[in-house]
Amino acid sequence: MLTKKEIRFCLDEMGKMFPNAHCELIHRNPFELLIAVVLSAQTTDASVNKVTKTLFQKYKSPQDYIVVPLEELQQDIRSIGLYRTKAKNIQKLCKILLEQYNGQVPKSLEQLMELPGVGRKTANVVRSVAFGIPAFAVDTHVERVSKRLGICRWKDSVLEVEMTLMKKVPKEEWSIAHHRMIFFGRYHCKAQNPDCLNCPLLSICREGKKRTKGLKEN
DNA sequence: AACTCGGGGCA
DNA sequence: TGCCCAGAGTT
């Protein structure tokens, strides 16, 4: 398992590789971010941004989403994966915001996770990005990178990965660390055929050493 | 823990 | 055209 110092080294190197790592979803307020993140499940941020660019001109508030027929909302987000269920969830979610939270987005993890279409990852992104609350959103990139590097164990659940990261990374850095790991995972430490030979983290990466064994010249 | 849901992007 | 990518919810 990597030490805190080794993890810091990793995060610093990721910062050099991706100095502009940040949340890529378009949003101007917590409500729009919540919608954007719910739409982003199992979908790339680029696809979501294509949809929200026009969506947010038409729908400004929770009321706007529930006064239209479900079919209309579904058509408006048709180009992303799982759009039928996502439209249903957004209407249910908007009703809950109006009925229970005076139309505002709640801030607690528990309240967010009770909303339909909002799981742990989505709730943590909203807390971190919209409200500036320290949170570690573990998506597939963060999970893969953590496991390959050796920050956590291969068999760890998503929750265990999150707990380990929160324990080993200073709280003030959770937000930037999670964005760096996402960029690192998406563009460099890819799921398929990662370029370990050209990775600045190879010297301490558990998986990288295994993968490059016998491949290195000399 | 395994399965389902359903698009876009890329080879 | 077929393979890979990205989470939540249900059993």
Side-chain angles (χ1 to χ4, degrees), chain A residues 14 18 21-27 31-55 65 70-97 105-106 108-130 135-148 152-166 174-175 178-196 207 211:
Chain A
M14 291 178 200
F18 304 99
H22 63 285
C23 180
E24 295 186 306
L25 296 171
I26 295 174
H27 74 285
F31 177 63
E32 285 192 356
L33 180 76
L34 175 61
I35 299 296
V37 187
V38 167
L39 291 176
S40 79
Q42 293 294 98
T43 308
T44 58
D45 290 355
S47 305
V48 174
N49 285 339
K50 223 179 285 176
V51 167
T52 53
K53 208 176 164 189
T54 52
L55 192 75
Y65 285 95
L70 175 59
E71 295 71 28
E72 184 176 340
L73 182 56
Q74 287 176 331
Q75 287 310 304
D76 288 339
I77 63 171
R78 185 175 0 95
S79 63
I80 61 173
L82 307 174
Y83 68 95
R84 295 183 194 87
T85 23
K86 283 174 184 173
K88 276 183 214 165
N89 283 337
I90 285 173
Q91 288 198 327
K92 279 193 224 164
L93 174 158
C94 286
K95 279 182 192 145
I96 296 175
L97 292 189
V105 180
S108 88
L109 187 63
E110 294 72 23
Q111 289 172 325
L112 282 165
M113 285 180 66
E114 278 179 21
L115 300 171
V118 180
R120 197 173 184 87
K121 181 257 179 181
T122 299
N124 276 325
V125 172
V126 171
R127 281 161 62 75
S128 166
V129 178
F136 228 118
V138 179
D139 66 354
T140 56
H141 297 302
V142 176
E143 182 178 0
R144 182 178 65 253
V145 168
S146 299
K147 291 182 175 181
R148 280 188 180 160
C152 62
R153 284 173 277 264
W154 273 108
K155 57 172 189 174
D156 281 352
S157 65
V158 179
L159 193 59
E160 288 171 315
V161 176
E162 185 186 324
M163 294 308 160
T164 306
L165 287 167
M166 289 196 297
W174 290 353
S175 173
H178 117 249
H179 284 121
R180 284 180 183 172
M181 291 175 81
I182 286 172
F183 274 66
F184 179 71
R186 186 187 302 158
Y187 299 114
H188 187 87
C189 191
K190 300 179 187 150
Q192 247 70 38
N193 305 317
D195 187 9
C196 297
E207 180 69 9
R211 282 173 184 262

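Order of the sequence lines fixes the chain letters, A, B, ..., with proteins taken first and strands second; residue numbering starts at 1 for each chain.
With sequence neighbours left out, the ring pair (Phe, Tyr, Trp, His ring centres under 6.0 Å) criterion links A:Phe31 to A:Tyr65.
Contacts of A:Val118 with the nucleic acid, taken as non-hydrogen atoms under 4.0 Å apart, involve only primed sugar atoms and P, OP1 or OP2. Residue contacts for A:Asp139: at a heavy-atom cut-off of 4.0 Å it reaches the sugar-phosphate backbone alone, with no base atom in range. Within the 4.0 angstrom heavy-atom criterion, only backbone atoms of the sugar-phosphate kind lie near A:Ala191; the bases stay farther away.
Closest approach of A:Gly185 and A:Val145 over heavy atoms only: CA-CG2, 3.6 Å. Of all heavy-atom pairs spanning A:Leu33 and A:Cys23, the tightest one is CD1-SG, 4.3 Å.
For the pair A:Arg144 (side chain) and A:Cys189 (backbone), a donor-acceptor distance under 3.5 Å is present. Remark: the backbone N or O of A:Asn124 is not paired with any side-chain donor or acceptor of A:Ser128 at under 3.5 angstrom.
Here chain A contacts DNA chain C (any atom closer than 4.0 Å to a heavy atom, that is under 4.0 Å), and the contacts span C:dC4 to C:dG9 from 5' to 3'.
The gap from the P atom of C:dA6 to that of B:dA11 amounts to 16 Å, rounded to the nearest Å.
Nearer the 5' end of DNA chain C, as judged by each residue's closest nucleotide, is the contact made by A:Arg186, out of A:Leu115 and A:Arg186.
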Review point. How does protein contact run along nucleotides 3-11 of chain B, one letter per nucleotide 5' to 3', with B for base contact, S for sugar-phosphate only, - for none, heavy atoms under 4.0 Å?
Key: --BBSSS--
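Taking CD of A:Gln74 as the start and OG1 of A:Thr85 as the end, the distance is 8.5 Å to the nearest 0.5 Å.
Electrostatic pairing of A:Glu143 and A:Lys121 does not count as a salt bridge here, judged by no charged N lying under 4.0 Å from a carboxylate O.
Between A:Phe18 and A:Phe184, the ring planes are perpendicular. Angles over 60° get that label, and only those under 30° would be called parallel.
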